[in-house]
Structures are given as C-alpha cells and as structure tokens.
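Reading through the structure tokens given below for one structure.
Counting from 1, the numbers follow the sequence of the chain as shown.
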Amino acid sequence: MASGRYEGILLGMGNPLLDISAVVDEGFLAKYDVKPGNAILAEDKHLPMYDELATKSNVEYIAGGATQNSIRVAQWMLQIPGATSYIGCIGKDKFGEEMKKNAQAAGINAHYCEDENAPTGTCAVCVVGGERSLIANLSAANCYKSEHLKRPENWALVEKAKYIYIAGFFLTVSPDSIQLVAEHAAATNKVFMMNLSAPFICEFYRDVQEKALPYVDYIFGNETEARTFAKVRGWETENVEEIALKISQLPKASGTHKRITVITQGCDPVVVADDGKVKTFPVILLPKEKLVDTNGAGDAFVGGFLSQLVRERSIDECVRAACYAANVVIQRSGCTYPEKPDFN
C-alpha cells in the first residue's frame, strides 16, 4: 500500500454502479425512448431494458459509476496502491461483491456502505455507432446516508485526503454528505472538485448544485452540460469559452484557491478558464475505426487530470494526462484500460 505523502491523497464519493454494456441498434433506443448520447435516471418504462441487454451476445459487465471510474483511472495513472479512496453505497449481493473485488484489484481503498434491502445499482450502457447512452438504476447507490460518512473509520478518509472529487450525480443522492465534505475542504484548505455530470443535473438539481458550487475549486463538464448550465441561468450565450469563464468567476466560499473550469468538447479542444483567462488545448484525434465506445471518456479525462494534480503538476500537464487517459478508454469497451499506462 501507499505510504507517505500519497497515501489516501485523493478521495472520491459517488454512486457505484455496475455497467451493463451492449451494442444495440437505433430501434432499441427508440423502443425505450432513449436519445443517443444521453445520461438519465431510469423510469419505470426503462426497467425491462436491463434484462433485454443481459440477453445480448455481446453484453459486458463492467464496474462503473462516474466518480468511481475517475478514481480508478487516477489510481491506474498513479500506479501507487492506496493513493486513492472511495465511498459509496452498494447492495449485499453478487454485484456488490464484484464491485468490492474490482476496487481492491485496482488498488483503491474503498469503504462501501452496504444496504440490506436494495440491490447494487446498475447502469444500462447502450452503444450505437460508438456513442453511448446511459440509463442509471441507482438502487442501493441511492441509499447512501451521511451517517455512514460520519463514522470515524470513514471520516478518516476525508481527513487523510488532500484532494476530493465528487461527480454531480451524487447531488441527487446525498447533498448533505457533499456539504459536509465541501465545508471540511474549505476549512482545511483542501482542493474540492465536482463535475456538472449531465444536463438533467444542471436543470433539475440546480438548487443543490448551487449550494455546493461556492466550495468547488475545480469544476469539470462537457460542452452540452456547460450550455445547459448557462441556459438555466439565463446567460444567453452558447459560447463555451465565455461560459467556462463565467462559471470560474461565480462566488467562492474560500479564497485559498481560485476556481478553475475545465470543459471538454468531444474531439474539439478542451477549454480551461483560470484566473480570468481562457486557454484551449487540442485533444488527441482518433481515427473513427479505432473508436470502440465513448462510455467513460469524460470520467477517464477527469481521472487523468487528477493523477497529475495530486502530484502538483501544471494545468497543461494535467490536461495532457487527461487527454491521454480519455484516448485510451475510448479505444476499449467501458471505462477500462491496459495493465500499465504509457504516459510520461
């Protein structure tokens, strides 16, 4: 395990989900009223989809959940076992056991809350032409309570971490847990980071997002999420650079770190707004035939970024690592990677 300065340096908190991933056709999406590239929470009409995906010959089960993906990728890039920790809620079932094994094998110190009644959460990943649509059935992940976080053995992970990352998806589950961690980070000058995560978070969870935002030192997102964020605030601009700048200049709870906004745009350049200035970074372009699926690309981008941030490298280096990690993941199924990174 990691000893010294990297032990538990990065903590993630979120919804641990098992991805049930399969290549489907447009008809499958239409049948369940799913739009390509979407990320949504399951409604009753979506529930039969999980069993239907399980019957596909190409179905794969991959440990997922946005924050957990980012933490796994950061851990892989760091190659220091125990450098990362993770908190979330799973069920007492086969999928939950798989999740524990997977985290352990990845070198993550995971403290899962185990719910007696709900099954481990799943995410249907429907891949059409390399583009992924995500439908999350949170189940146990939705049962996370701040009581678990407050237990000394779990709060110890928060105390130990110097960098904390939580995807926006967790805002639908336990905003009070987010608030506890955010306030701790501000009080102790730690780096607190979040993700816009999905248009529906920006649109329908605006209040809880707004409450967390003053504490956020780094905010990640993609161009669609950024535009939705701007639209709900009546900013009347579609310009991603402008939006990134405005987000970085929203009020902050603590003046220790200034907020940095990092927005990805698929194969278009990454936009970074920092200290009143915007920089753009081209991504590594991939020939279409090498693209397997975009599932986990944004999560991997964040994971790569965090792996260099905890090493106190420059923003340019963080973005370079982020693009490297995303490029690796889109050439594979789900948020997976080879045994060792090839990044220097």
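- One N or O on the side chain of Tyr50 and one on the backbone of Asn137 form a donor-acceptor pair closer than 3.5 Å.
- Using modelled atom types, no side-chain atom of Lys190 and backbone atom of His184 make a donor-acceptor pair closer than 3.5 Å.
- Judged purely by atom type and a 3.5 angstrom limit, Gln331 uses its side chain to pair as donor or acceptor with the backbone of Asn327.
- Checking Asp176 against Gln179 by side-chain atom types alone, no donor-acceptor pair falls below 3.5 Å.
- Put simply, the side chain of Thr84 never gets that close to the backbone of Ile108: no donor and acceptor are under 3.5 Å apart.
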Working for salt bridge (charged side-chain N to carboxylate O under 4.0 Å, His left out), residues Asp316 and Lys279: CA-CA 10 Å; Asp316 297 40; Lys279 277 177 91 168; 3.3 Å; yes
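- Looking only at distances, no side-chain donor or acceptor of His257 sits under 3.5 Å from a matching main-chain atom of Val216.
- Tyr324 and Phe343 have their aromatic ring centers within a separation under 6.0 angstrom.
- Judged purely by distance below 3.5 Å, without hydrogens or angles, the side chains of Asn15 and Tyr144 never pair a donor atom with an acceptor atom.
- Classification of the Trp76-Tyr337 ring pair by plane angle, with boundaries at 30° and 60°, yields parallel.
- Side-chain N/O atoms of Glu203 and Thr228 include no donor and acceptor closer than 3.5 Å.
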For salt bridge (charged side-chain N to carboxylate O under 4.0 Å, His left out), just list the numbers for Lys94 and Glu97, CA-CA rounded to whole Å, side-chain angles, deciding distance to a tenth of an Å, and then say yes or no. CA-CA 5 Å; Lys94 187 169 99 276; Glu97 285 306 312; over 6 Å; no
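- In this structure Ile40 satisfies the side chain to side chain contact (heavy atoms under 4.5 Å, CB included) test together with Asn38, His46, Ile135, sequence neighbours excluded.
- Heavy-atom contacts from other residues, nucleotides or ligands closer than 6.0 Å to NZ of Lys231 number 12 or fewer.
- Of the possible donor and acceptor atoms, one in the side chain of Asp217 sits under 3.5 Å from a partner among the backbone N and O of Phe192.
- Follow the hydrophobic side-chain contacts under 4.5 Å out from Ile219 and you never reach Tyr165; the two are in separate clusters.
- Residues His148 and His111 come closest through the heavy atom pair CE1-O, 3.5 Å.
- Not one N or O on the side chain of Arg132 forms a donor-acceptor pair closer than 3.5 Å with the backbone of Cys126.
- Taking the charged nitrogens against the carboxylate oxygens, Glu210 and Arg233 do have a contact shorter than 4.0 Å, which makes a salt bridge.
- Below 30°, between 30° and 60°, or above 60°: for Tyr218 and Phe220 the angle between ring planes is below 30°, a parallel geometry.
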